[in-house]
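Encoded as structure tokens, the structure appears first; notes follow it.
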Amino acid sequence: MTVAHSHRFSTALNPINISLLSKQLIQLGRINNADTFSEISRQKEVLVSSLISKLDVCTGLDQIKQVHGHIIRQGLDQSCYIIAKLIRTLTKLGVPMDPYPRRVMESVQFRNPFLWTAVIRGYAIQGKLLEAISMYGCMRKEGITPVSFTFSALLKACGFVRDLNLGRQFHAQTFRLRGFCFVYVGNTMIDMYVKCGSIDCARKVFDEMPERDVISWTELIAAYARAGNMESASELFESLPTKDMVAWTAMVTGFAQNAKPQEALEYFDRMEKSGIRADEVTVAGFISACAQLGASKYADRAVEIARKCGYSPRDHVVIGSALIDMYSKCGNVEEALHVFESMNNKNVFSYSSMILGLAMHGRAQEALDLFNYMVTHTTVKPNTVTFVGVLTACSHAGLVDQGRQIFASMHQTFGVKPTSDHYTCMVDLLGRAGRLQEALEVIKTMSVEPHGGVWGALLGACRIHKDPDVAEIAAKHLFELEPDIIGNYILLSNVYASAGDWDGVLSVRKLIKRKGLKKTPAVSWVVDNRGKMHKFFPGYMNHPMLNKIEDTLEELVQRLTVLGYQPDLSSVPYNVSDDEKRSILIRHTEKLALAFSLLTTSRDSSIKIMKNLRMCQDCHTFMRLASEVTGRVIIMRDNMRFHHFRSGACSCGDFW
DNA sequence: CTAGGGTTAG
């Protein structure tokens, strides 16, 4: 509330204004003398009520007490309607229920169910289930009959603290007392079960509700989506008779969150075709789906849609943050920076996305600078994701000491507890720097149970530094935690291969076979300027330009050899002849994609290649040197991050 | 006054 506002409030309701108001009302014929008194107090209630409504998050407790003073002076301190409203507002503003709001309630002599409920709900939202229940007990003792709103508040409290048992008790009581269920209470019940993680109970309530509205449906759809069960979500959604914007959005974001971007886009299209408007939340989900597809033609479409819906990143934080992430993942970090700078409001999502974007593209120093700017020049507080971003930046740039410092400060200075994700970054940081024993030590002293990522980072480091002994330790834990992820086995096999241990390679291959796992086939792709995608698979395939591609590669190899290029035979994890290794290497999909791009794009444009797996050492060297002899900028995205090859150097500093 | 929200590591 601004100063000007509070000044207006303080004069709005003085006795002169009230008597003026009453004269005006009589003149207008709205009231007659007989009921002037009750009518004026009703009007007073309306005025005071609108005064309370104007309190907002910026209001300090002093101003609230000032308003309370007005309420008392106007003789409205016994009005349940006004006091309940005041308490609801205090709750919204985050004022703790004890002692102030509760005292205000206790000062009212004759309390109605709505006043009690406002207090119960206040405790509920602040996570104080026991106090909420005790208030409910007091209310019953006074002989007040609860209303549906009361049960809604109690159920909300149970959901908030995830107390399934108490939730069940109130569920039963609700039906006993009322005999029937309002849609509203039913919806709160669904929400309670969902929050308690019991989606089946939520479904049961839904199925038994005599009457449902679109909110009941959407709650359940979103719960299925959050649980990763998009089949049930779609099924439910299709049977929803009238789908509104929020329901559609739940589907779009649901697919986006479950790594099904194509479906997210489909639902967005269907939504548009049904003539339903999209709002900021819908568009954010759409952008997130585009980001996952990682192709600029989707990026353009996302920007176009955001523009059409009237959501510019300048004024909409959610849209801006989503766009930053999308541009970064599409390989256009410059545009991401551009969006970031254009934003009027930036929050922790905007900063974290930007820091992660810079880290992903190997611009570690800028990522660190941005982080430092954020913590020293803004009021934005870093969260757990922000630290993943900064630590990733350190690890990709080999900044061991800085990383250690930041890791220490995150808990000490910023109160963010390290999770397995942060330990993953630390293990990666130390591991890449060749300090495998230190990395192992970090894992042993972790304050949380290490997840697969932590051991995976260690195994990855063993691949770089060719250390089969530590690799076996890492693999043992990793295979227990993630027995079905083929990439883990391949990684171990690569470590053995790089050490020339072909028995080891063979044993891993057997293990893969026994588990019935299938190797993920490699694929690289490029998008031409008409938006068409060209995919390249391993070995020879029937691409119309195959001959030209082969010629180009042969010529390129010759030019690179002059610069000292030698095929890195240790990148081939098979025990075959050196000639065979050379011919396998030259058929790696990203090399085919590179040759294709050289043949089909103009000399001054940069080349953008995507790949679903990690790039091998040989391809990395090849790309680096190719950027030198061709004078082209090559942007290459593997399954983890981006490499910018320019004039014979890579943004990752050959550190990946 | 009960529903949908963008960023996470190997």
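Chain naming here is simple, since letters A, B, ... match the order of the sequence lines and numbering starts at 1 in each. All values derive from a computational prediction rather than experimental measurement.
Picking from B:dT8, B:dG6, B:dT2 the nucleotide with the shortest atom distance to the side chain of A:Val317 gives B:dG6. Proximity note for A:Phe149 (side chain, C-beta onward) versus B:dC1, B:dA3, B:dG4: the nearest is B:dC1. Nearest to the side-chain atoms of A:Thr188 among the listed nucleotides B:dT8, B:dT2, B:dG6 stands B:dT2. Nearest to the side chain of A:Lys329, among B:dG4, B:dG10, B:dT8, sits B:dT8. Minimum atom distance to the side chain of A:Glu219 is reached by B:dA3, of the listed B:dT7, B:dA3, B:dG6. Counting only heavy atoms from C-beta on, A:Asp428 has its side chain closest to B:dG10 among B:dT2, B:dG10, B:dA3. In this structure, the nucleotide among B:dA3, B:dT7, B:dG4 sitting nearest to the side chain of A:Ser288 is B:dT7. In this structure, the nucleotide among B:dG4, B:dG6, B:dT2 sitting nearest to the side chain of A:Asn187 is B:dT2. Among B:dT8, B:dG5, B:dC1, the nucleotide with an atom closest to any side-chain atom of A:Val388 is B:dT8. Of the candidates B:dG5, B:dG6, B:dG10, the closest approach to any side-chain atom of A:Phe349 belongs to B:dG6.
For B:dG4, neither phosphate oxygen OP1 nor OP2 lies less than 4.0 angstrom from any side-chain nitrogen or oxygen of A:Gln257. Phosphate proximity of B:dG10 to A:His477: absent, as no side-chain N or O sits under 4.0 Å from OP1 or OP2. Of the side-chain N and O atoms in A:Arg463, none sit less than 4.0 angstrom from OP1 or OP2 of B:dG10.
Remark: P of B:dG6 and CG of A:Asn258 are 11 Å apart, rounded to the nearest angstrom. To the nearest angstrom, C1' of B:dG6 lies 10 Å from CG of A:Leu323. Atom CG in A:Asp325 sits about 16 Å away from atom P in B:dG5, given to the nearest Å.
Looking at heavy-atom distances under 4.0 Å, A:Leu478 makes contact with a base.
Taking the six-membered ring where tryptophan is involved, the planes of A:Tyr489 and A:Phe479 are essentially parallel, since the angle between them stays under 30° and well short of 60°.
Looking at A:Glu482, its side chain comes within 3.5 Å of the base of B:dG10 through a donor and an acceptor atom.
Checked against the 6.0 Å centroid criterion, the rings of A:His451 and A:Tyr423 do not qualify as a close aromatic pair. Aromatic rings of A:Tyr351 and A:Phe371 (six-membered ring for Trp) have centroids beyond the 6.0 Å cut-off, not under it.
Rounding to the nearest 0.5 angstrom, the gap separating the CG atom in A:Leu154 from the CE atom in A:Met192 is 10.5 Å.
A salt bridge links A:Glu366 with A:Arg363: the closest approach of a Lys/Arg side-chain nitrogen to an acidic carboxylate oxygen falls below 4.0 angstrom.
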